[in-house]
Number of protein chains: 4
Amino acid sequence: MSDKSAKPHPIEPRKAPRQARSNATVDAILEAAAHILREEGLVPFTTNAVAQRAGASIGSLYQYFPGKDAILTELIRRKRQTMLDAIRLAARETRSRPFAEAVDRLIAAGIAHQLDDPQVSRALEYAESTLPLHTETHELKMAIVAEVSATFAARGFSEPEIAAHDVVALTRGMIDTAGLYGETDASSLTDRVRRAVTGYLKTAPKVSRT
Amino acid sequence: MSDKSAKPHPIEPRKAPRQARSNATVDAILEAAAHILREEGLVPFTTNAVAQRAGASIGSLYQYFPGKDAILTELIRRKRQTMLDAIRLAARETRSRPFAEAVDRLIAAGIAHQLDDPQVSRALEYAESTLPLHTETHELKMAIVAEVSATFAARGFSEPEIAAHDVVALTRGMIDTAGLYGETDASSLTDRVRRAVTGYLKTAPKVSRT
Amino acid sequence: MSDKSAKPHPIEPRKAPRQARSNATVDAILEAAAHILREEGLVPFTTNAVAQRAGASIGSLYQYFPGKDAILTELIRRKRQTMLDAIRLAARETRSRPFAEAVDRLIAAGIAHQLDDPQVSRALEYAESTLPLHTETHELKMAIVAEVSATFAARGFSEPEIAAHDVVALTRGMIDTAGLYGETDASSLTDRVRRAVTGYLKTAPKVSRT
Amino acid sequence: MSDKSAKPHPIEPRKAPRQARSNATVDAILEAAAHILREEGLVPFTTNAVAQRAGASIGSLYQYFPGKDAILTELIRRKRQTMLDAIRLAARETRSRPFAEAVDRLIAAGIAHQLDDPQVSRALEYAESTLPLHTETHELKMAIVAEVSATFAARGFSEPEIAAHDVVALTRGMIDTAGLYGETDASSLTDRVRRAVTGYLKTAPKVSRT
DNA sequence: TATGAATGAGCGTTCATTCAT
DNA sequence: CATGAATGAACGCTCATTCAT
């Protein structure tokens, strides 16, 4: 986000990450950050504003985060980790169930995480594209796709990665737009997303089993 | 002393670019703006940077655009107008052709406009959500959906607006992601988008014809 | 994108200067502001110039004052408060003395405050007329006139407010001009102002006492 | 007003002054300038705004005035010349009349010129103090005082210049303030000013005639 | 550790002025 | 002469970041 590329501002939290991630101040900062993103967007998202809302001093904020970008990165990381956990759970629990059910659970997980707090999701999504590539968040992203891909592979699709990317992409597109229009009824949206995903998958190439 | 609150900063371009010279400057500015959005994103998108890249002085920029937002708005307006024109043409030319062909043309139009310059598209999309609502660009957005919706209605779908929104959304989601991953092969993407769209529409509710 | 209209720029100082350090900065800023007004006028009176002369960063200036206007307003407020205090003291101390003495003390107070730093006074006077109306400074102005008015009323003048306005106005006119011509001898000026004021008051309408 | 003291911007009109002063464009510019000063003040008084309101191009404005300051200067010059003419007429016509009448005519002239258009007067007054000293307007100012001074000298006052300065100053102070408070009734004001002036003069030192 | 005053590069924008047409 | 597009220095102000306390 910030441009002062002259000075090295690492993106990793300053403290040992595990501690930092469970500290009350850190949580307050992230909560405040999400709040501002949700209510006001990426432009009024300033470190001073975040610190103030978190009830922390700006100095404290910099004690836990090396810079503005790091806050956004950690927000992304957490959101994505939650998503990955949900997807993994869904995959595990539907491994021996009909495929339709597996797909449904995947979609439900996506909707649960994207439709709740759509402005924050949107802001983070855009922010990420302007941030220097961050290994961990990127790996989480790949892991989500990999998880979906594994589910598809297990069901005999021959190009599971492509299918996974596409399914994730179209799902996100639909949910994003729904969020933008203030849609909050998950059930209608779930149904429509399912129709698109199912339709897509029906015609996806399968491994020929002879 | 300060005049701040007195003068609003409208989003409409300041002068109708009537003369060739003016037009050239306006175009140079918009081109420069797109370039910066494409190469660097929304954060380094500053009026001075745009002017410099356009080979114009900052004063000239402000002669044609009342502010930074207006440049973004005009970029959105133009992009959307082009898209609308393409969609309208596609709709007109396929009115008496098989539905599959109509859908294909719609998708092709979407891909042509979104896959070309995906970073700019993404930046503008996010920018729009932070801009004060601009009537004309908003109407163009609605017009695009309306056009798709009309096509669907003509084919007997009973909830054409919802279908239109969803189709546009999932298409954009897929193209966006493809652009993000550097995919440039339109034909494969077209095929996959078609599968999702077709699958979605196949199960969409139709008007019961008695 | 731009936030302009969202945040108003109040005129009140941003933080109550509680700590010694803060107070020192505020004072340095106000001193620097007065200096620039005195030596160069309202045009070169810029926030950056003030900050620089105050030995503070522009950021610090904005930590204590929400904008340029606020600096001018505070300067006016302080000057006027001092003046009001002096006038009140003069009035209190001459309540049971001959009227001539009361008038003399009033004039002396006016001269003491206006003849010292006449360029600053002149600049602030003009500045005020271009500033949005500020309640506190306006009330101080009215309080000064009210104080003079009360003195006149106590001495039986039947239109004390008009007399007060006129006396203040003519006194200020004379002192202003004297300051403009570099006059610094208070005693000659005092004498001349007294003659005008006394002459004016001698013919002012009085409550008929029967 | 402008600070770019590096480049020599003479204040004299570019054209032979007499012509310039009677040109229709010049008049339109000055009228527009006065209008803006009156309605909006010194801050929005910009060359482009003046030209636009005058229905002239900014280029034309610069054909007749070498800069912004020159417009203000010419406005001052004209106002002052009119005032001087009126004062001279008043002096001439009351030379052989009672002194009280002479004073009355002087005051009437002052009120006529200052109370009409008080915002413009105030703006010009402040502007002048920030402008580089301009010979002609300064001489006009002196001439006005000299005229009043001559009137006083002819009536036997021993320090006519001081008296003239003071009378002009207090009169201006009173009228200014009246204008600021929106007073438009000249007759009451005239009366009050007369009382101050008369009172002042009654006690002014006279040449002892033996 | 926590604090928050201080910093200053840099942003969006204005406007006096020039000059090619 | 008139035009008005172009210029760019300079303004008011913000905000990411530092560091003395």
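As the structure is a prediction and not an experimental result, all values here were calculated from the model. Every chain is numbered from 1 and lettered A, B, ... according to where its sequence line falls, protein lines coming before strand lines.
Side chain C/Asn48 to base F/dA10: no donor-acceptor pair is found below 3.5 Å.
Between the CZ atom of D/Phe45 and the P atom of E/dT14 there is a distance of 19 Å, rounded to whole Å. Between the C1' atom of E/dC15 and the CD atom of D/Gln52 lies a distance of 13 Å, rounded to the nearest Å. Rounded to whole Å, the distance from CG on D/Leu42 to P on E/dA16 is 11 Å. The OH-C1' distance, from A/Tyr64 to E/dT1, rounds to 7 Å in whole Å. Put simply, CD1 on D/Ile29 is 10 Å from P on F/dT3, counting in whole angstrom units. With rounding to whole Å, A/Asn23 atom CG is found 12 Å from E/dA2 atom C1'. Atom C1' of nucleotide F/dC11 and atom CD of C/Glu40 are separated by 15 Å, given to the nearest angstrom. For C/Phe65 and F/dT14, the CZ to P distance is 15 Å, given to the nearest whole Å.
Salt bridge status for D/Arg77 with D/Glu74: present, with a side-chain N to carboxylate O gap under 4.0 Å. Using a cut-off of 4.0 Å between Lys/Arg side-chain N and Asp/Glu carboxylate O, C/Glu136 and C/Arg80 are scored as not salt-bridged.
Taking every heavy atom of both residues into account, B/Ala28 and B/Ala54 meet most closely at O-CB, 3.5 Å. Summarising the geometry of D/Arg38 relative to D/Val120, their closest heavy-atom pair is CB-CG2, 3.6 Å, with the distance given to 0.1 Å.
When each of E/dG12, F/dG12, F/dT18 is scored by its nearest atom to the side-chain atoms of B/Tyr62, the top-ranked nucleotide is E/dG12. For D/Ser57, the side-chain atoms get nearest to F/dA2 when compared with the rest of F/dA2, F/dC15, F/dA6. Comparing E/dT13, F/dT17, E/dA6 by their closest approach to the side chain of B/Thr47 singles out E/dT13. Taking the side chain of D/Thr46 as heavy atoms from C-beta on, and the options E/dT7, F/dC13, E/dC15, the nearest nucleotide is E/dC15.
The local environment of CD in B/Gln52 is sparse, with at most 12 non-hydrogen atoms from other residues, nucleotides or ligands closer than 6.0 Å.
Checking side-chain atoms of D/Thr73 against main-chain N and O of D/Asp69 turns up a donor-acceptor pair under 3.5 Å.
Contact annotation: D/Gln63 side-chain N/O to F/dA2 OP1/OP2 distance is under 4.0 Å.
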Margin query: Once pairs are restricted to Watson-Crick or G-U wobble with both distances under 3.5 Å, how does DNA chain E read as a dot-bracket string, [ ] for crossings and | for other-strand pairs?
Written below: .||||||||||||||||||||
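With D/Leu72 as reference, D/Leu124 is the one residue of D/Thr137, D/Leu124, D/Thr130 to meet the side chain to side chain contact (heavy atoms under 4.5 Å, CB included) rule.
Projected onto DNA chain E by closest heavy-atom contact, D/Ala49 and A/Gly55 fall at different nucleotides, the more 5' of which corresponds to A/Gly55. Residues B/Ile58 and A/Ser60 each lie close to DNA chain E; by heavy-atom proximity, the contact nearer the 5' end of the strand is made by A/Ser60.
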